[in-house]
Amino acid sequence: MNSQMIRIVTIDGPSGSGKGTIAQLLAKRLGWHCLDSGALYRLVGLLVHRASIGFDNAAKIAEYAEKMNVRFSQGRINLDDDDVTDLIRTETAGNNASKVAAFPEVRQALLKWQRDYARQPGLVADGRDMGSVVFPSAEVKIFLDASAEERARRRYNQLKEKGLDVNLRNLIAEIRERDERDRNRSVAPLKAPEGALVVESTDLGIDEVLEKVLEKVRSTFPDLVV
Ligand code: C5P
């Protein structure tokens, strides 16, 4: 399907910026589909880890990315016959995702997966390069940012709520390391795409961020009642 004819809102930003939460809330408000592109990179990272193929074998990793057998259903993610929904959310899985995401071959292999999500009545796409590479013709582009400390604090609270034992200082270091790799890689580096509305969310609550995004959506698509 031609994604240019489908309404698309892209939400890009670093890890912990709240883009996943905002993307899901927005998609729900609009009744649109939602793409969590980070989950695809996390799945590839998991495959590489499980198959012990080494994080430097770009061609082999891309092959796995292209052929992976994934099913997204009712909020759960299945890789082959295994429910990996929680497994791919760990910090290690995020770091492994960021390693495989640095390879152009892997990004290319995941392009089709991502573009297939563009379906009527519309798509909210969350990631790092949604507005710049995957859906460059999206009508609304948002870039959500927040300080590394604030993003680590949010992650800390999430993990604590799940009863996990975490260390805030380690989280800040991990977030910085991942940011560094995501912002400085040669292919599709993390940065605000041209024409994006940049929302600095360090001192904003979820409702305030969502309202800013909704304002932009309403002004771009005046026929939508949201
Ligand atoms: O968003 P999430 O934290 O799940 O993403 C995990 C990793 O996947 C990121 O750190 C980034 O390296 C990579 N990623 C990417 N492009 C995307 C989405 C995620 O490079 N569109």
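Order of listing sets the numbers, starting from 1, for every ligand and every atom in it. Predicted model, so just to flag it, every value in this text is computed and none were measured.
Listed by number with element, the atoms of ligand 1 under 4.0 Å from a non-hydrogen atom of A101 are 12 (O), 13 (C), 20 (O). Close approach to D182 involves these atoms of ligand 1, each under 4.0 Å from a residue heavy atom: 9 (C), 10 (O), 11 (C), 12 (O). Of all atoms in ligand 1, listed by their number and element, those nearer than 4.0 Å to a heavy atom of K19 are 1 (O). Close approach of ligand 1 to M130 is summarised as follows: ligand atoms under 4.0 Å from at least one heavy atom of the residue are 21 (N). Interface atoms of ligand 1 facing A97, defined by a heavy-atom separation under 4.0 Å, are 6 (C), 7 (C), 8 (O).
Under the 4.0 Å criterion applied to side-chain N and carboxylate O atoms, K212 and E215 are not assigned as salt-bridge partners. With respect to the salt-bridge test (charged N to carboxylate O, under 4.0 angstrom), the residues R155 and E174 do not qualify. Between E105 and K60 no salt bridge is recorded (no basic side-chain N to carboxylate O distance below 4.0 Å). A salt bridge links R76 and D86; the closest N-O separation between the charged side-chain nitrogens and carboxylate oxygens is under 4.0 Å.
By the criterion of a heavy-atom distance under 4.0 Å, the side chain of R185, and not its backbone, is placed next to ligand 1.
Any N or O atom pair closer than 3.5 Å counts here, and D126 shares no such pair with ligand 1. For R42, a nitrogen or oxygen atom sits less than 3.5 Å from a nitrogen or oxygen atom of ligand 1, counting backbone and side chain alike. Close N/O approach between R128 and ligand 1 is found [any backbone or side-chain N/O within under 3.5 Å]. Where the criterion is an N or O separation shorter than 3.5 Å, residue side chain and backbone included, R178 meets it with respect to ligand 1. At a 3.5 angstrom cut-off on N or O pairs, R107 counts as close to ligand 1.
One side chain, R181 or S98, offers a donor N or O that lies under 3.5 Å from an acceptor on the other. In the model, R154 has no side-chain atom that pairs as donor or acceptor with a side-chain atom of T21 under 3.5 Å.
The protein heavy atom nearest to atom 8 (O) of ligand 1 is Y41 CB, 3.5 Å. What sits closest to atom 18 (C) of ligand 1 on the protein, heavy atoms only, is S37 OG, 3.4 Å.
In this structure, E139 contributes its side chain and V9 its backbone to no donor-acceptor pair below 3.5 Å.
Scanning both residues, A65 and W113, for their nearest heavy atoms gives O-NE1, 3.1 Å.
Heavy atoms of other residues, nucleotides or ligands lying less than 6.0 angstrom from NE2 of H33 number more than 12.
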